[in-house]
Amino acid sequence: MLELKGVNAGYGAARILRDVSFHAEAGEIVCLLGRNGAGKTTTMQAIMGLLPLSEGSVVLDGEDISRLPAHEVPKRGIGYIPQGRRLFSELTVAENIEIGLLTRGSSKQTREAVLELFPRLRERLAQRAETLSGGEQQMLATARALCLEPKVLLLDEPTEGLQPSMIELIRNVVVQKKKDGVAIVLVEQRVDAVIEIADRVVFIENGRIQDTVDAKVLADDHTLLTRYVGV
Amino acid sequence: MDFGPYLLLASLEGAVMAAVLALTAVGLSIVFGVMRVVNVAHGEFFMLGAVFAWWVASWAVGHPAIGFVLALVLAPILVGLIASAADMIVLKRVEYDPERTIVATIGLLYIIQQVTLMTFGPEARPVQPPFNQRLALPWFEFGENGFEIIWPWGLGTTSYKLFVIAAAIAILLAVWALMSRTKLGLYMRATQLDRQMAQAFGINVERVYVSVFGFGAGLAALGAVLIVPIQQAHYLMGGDPLLLSFIVVIIGGLGSLSGTVVAAVLIGMSDGVISMFFSPTLAKILSTLLVAFILIFRPQGLFGKRAA
């Protein structure tokens with residue numbers, strides 16, 4: 001479904017990603033693990049076309065999307081839940097959702113389905129996004145991305161700073177989307193949260209892929225975790 | 001005349017000025033808010049609006065109102081197209097870098113000004129107002145017979161000046177509706193808040209920028225078309241609107257549209273009143289002084305948000 005082939009990218013002259021390659025298939029959760037500054041968020045931005053690639057390509061369903069203008073990438077069906085949520089803070093909940101719907105011209109049913117998933121948002125449609133609590137903001141960021149009816153979902157530290165019940169909710173949504181056949185790329189710091197739901201784990205260090213392993217293997221063998229994430 | 005009628009007259013002059021200033025400054029404010037571009041050439045787009053208004057009006061035949069209405073429609077569109085072209089040809093090439101766009105728009109300022117001088121010439125040219133009845137204004141006094149309405153000699157305005165005020169209010173309401181009720185407005189606000197996320201949700205930011213730059217310039221041109229029957233078109237007329245727009249935008253708070261309108265009324269009215277009772281120079285001195293104090297004590301402007 002989504003495949004990165006030898007991606008090199010960075011900010012200006014600074015090269016962050018070196019030959020990053022991995023893939024995520026439909027109905028699969030691939031988790032990117034690595035320390036702070038390893039290049040996880042940069043990888044997400046490279047997939048979204050927000051950073052120019054110096055080498056390599058990002059292929060979605062056989063189409064090279066890395067040469068598209070950035071605003072065309074989400075229209076191919078990639079929903080992005082960025083680190084720190086990055087909602088349109090002064091827009092209302094309804095307007096944030098509207099922008100998600102407009103991306104691919106999604107229908108009213110999509111809106112209903114997404115609000116069904118997060119009833120709390122329905123109660124707060126007229127409220128400005130910046131006035132929501134942390135958990136509600138994460139719901140909105142997730143809802144905004146789901147409005148695209150994505151084929152691929154990118155989640156960058158979705159559980160950062162959330163209370164356990166909220167983490168549970170977000171995780172259920174991710175698992176549900178996996179069942180629906182969405183390819184999911186997940187960046188996460190909390191290793192325990194990952195191993196339970198991920199299919200494969202990609203370790204990234206200094207902008208390079210160090211290892212790709214089955215999540216099942218990881219559950220029994222902690223040496224890799226100690227080496228790459230230090231837990 | 002007593003002080004009261006004088007004040008009424010000065011307020012009306014001030015209101016006309018505030019109306020035009022509000023349009024021009026809102027244009028500058030939208031461009032800065034969405035694109036983070038300090039458009040030094042904004043006053044020249046204002047001037048171009050007036051020059052095109054003269055040009056269109058001088059081609060039109062029949063009643064002056066026909067020429068004026070045509071100018072009101074065509075001049076802002078022409079100016080908007082020129083500004084959009086400038087965005088694509090110049091600003092996009094310098095990647096909207098804050099410093100380089102300032103230099104680039106200074107260049108644009110001189111190009112537009114000098115080309116206008118070479119083609120339109122150094123004369124000031126008038127546009128006939130579509131209608132211009134003199135209206136006497138009433139005043140009241142408490143005389144021997146108690147409360148009385150009187151019509152002091154020399155106290156009056158023209159129907160056209162009242163029209164300018166009404167038109168500006170209508171246009172500002174339309175701008176507000178565009179920003180808050182339409183898809184383009186939603187895209188503009190989203191781009192203003194987070195350009196990268198706007199792209200990540202399929203918003204063609206480049207196209208938004210082209211429309212915003214054209215739209216901002218078009219608003220300045222609209223203000224100029226409204227004022228040109230009162231002030232005449234001249235190739236150097238862009239200086240004052242530029243300075244005053246910057247003053248207004250800084251006082252109102254960069255990127256805040258409601259703040260811009262409130263500040264335009266404040267500056268326009270005080271400029272009108274102070275110019276009439278003292279001198280236009282003193283009015284400019286005071287408003288510039290106000291900007292200095294705002295920058296020292298409330299740098300985010302009256303309605304602006306503190307940078308996070």
Side-chain angles (χ1 to χ4, degrees), chain A residues 11-12 41-42 44-52 65 68-92 94-106 126 128-130 140-141 143-150 152-154 156, chain B residues 29-30 32-36 88 92 94-100 176-212 252-260 300-301 303-308:
Chain A
Y11 305 93
T41 297
T42 310
M44 297 296 218
Q45 294 188 337
I47 297 172
M48 291 309 295
L50 297 172
L51 287 178
I65 57 167
L68 293 175
H71 68 271
E72 287 294 333
V73 173
K75 295 185 181 184
R76 297 298 189 274
I78 305 187
Y80 183 29
I81 303 169
Q83 188 175 21
R85 296 142 202 158
R86 292 181 67 175
L87 297 168
F88 298 110
S89 56
E90 289 175 24
L91 303 191
T92 62
E95 285 170 332
N96 271 280
I97 288 176
E98 180 70 16
I99 285 178
L101 293 169
L102 284 170
T103 309
R104 298 181 78 199
S106 311
R128 265 140 79 90
E130 61 192 350
L140 181 53
R144 183 177 63 172
L146 292 181
C147 282
L148 273 69
E149 298 170 349
V152 177
L153 201 54
L154 309 180
D156 198 345
Chain B
S29 179
I30 289 179
F32 177 81
V34 177
M35 304 170 66
R36 302 279 129 182
M88 285 190 278
K92 193 176 141 187
V94 298
E95 289 159 346
Y96 303 100
D97 173 82
E99 285 95 23
R100 286 191 288 169
W176 173 80
L178 174 88
M179 292 302 283
S180 59
R181 294 276 182 272
T182 69
K183 199 165 104 173
L184 180 64
L186 185 63
Y187 283 170
M188 284 186 192
R189 286 182 294 148
T191 307
Q192 169 164 8
L193 291 167
D194 193 332
R195 175 193 147 99
Q196 222 181 25
M197 274 311 112
Q199 284 182 312
F201 284 90
I203 296 174
N204 187 342
V205 167
E206 273 180 16
R207 199 181 292 166
V208 169
Y209 279 10
V210 169
S211 350
V212 163
L254 287 168
S256 157
L257 288 190
S258 45
T260 303
Q300 74 272 31
F303 292 79
K305 275 197 174 171
R306 210 173 274 276

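Numbers restart at 1 for each chain; the letters A, B, ... are given by sequence-line order, proteins then strands. Note that the structure is a prediction, hence the values are computed from the model and not measured.
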Residue Glu72(A) versus chain B: region with a heavy atom under 4.5 Å: neither
Validation row: Gln196(B), Gln45(A) side chains within 4.5 angstrom (heavy atoms): yes
Arg207(B) atom CZ, over 12 foreign heavy atoms within 6.0 Å: no
Side chain to side chain contact (heavy atoms under 4.5 Å, CB included) partner of Phe201(B), the single match among Asn96(A), Ile99(A), Leu102(A): Ile99(A)
Rounded distance [0.5 Å steps], CG in Asn204(B) versus NZ in Lys75(A): 7.0 Å
Heavy-atom proximity to chain B below 4.5 Å, by part of Leu87(A): neither
Greatest number of heavy atom pairs closer than 4.5 Å to chain B - which of Pro74(A), Ala70(A), Pro69(A), Gly100(A): Pro74(A)
Interface residue of largest heavy-atom contact number with chain A, from Gln192(B), Glu206(B), Arg189(B), under 4.5 Å: Arg189(B)
Chain B contact via Arg104(A) - side chain, backbone, both or neither, heavy atoms under 4.5 Å: neither
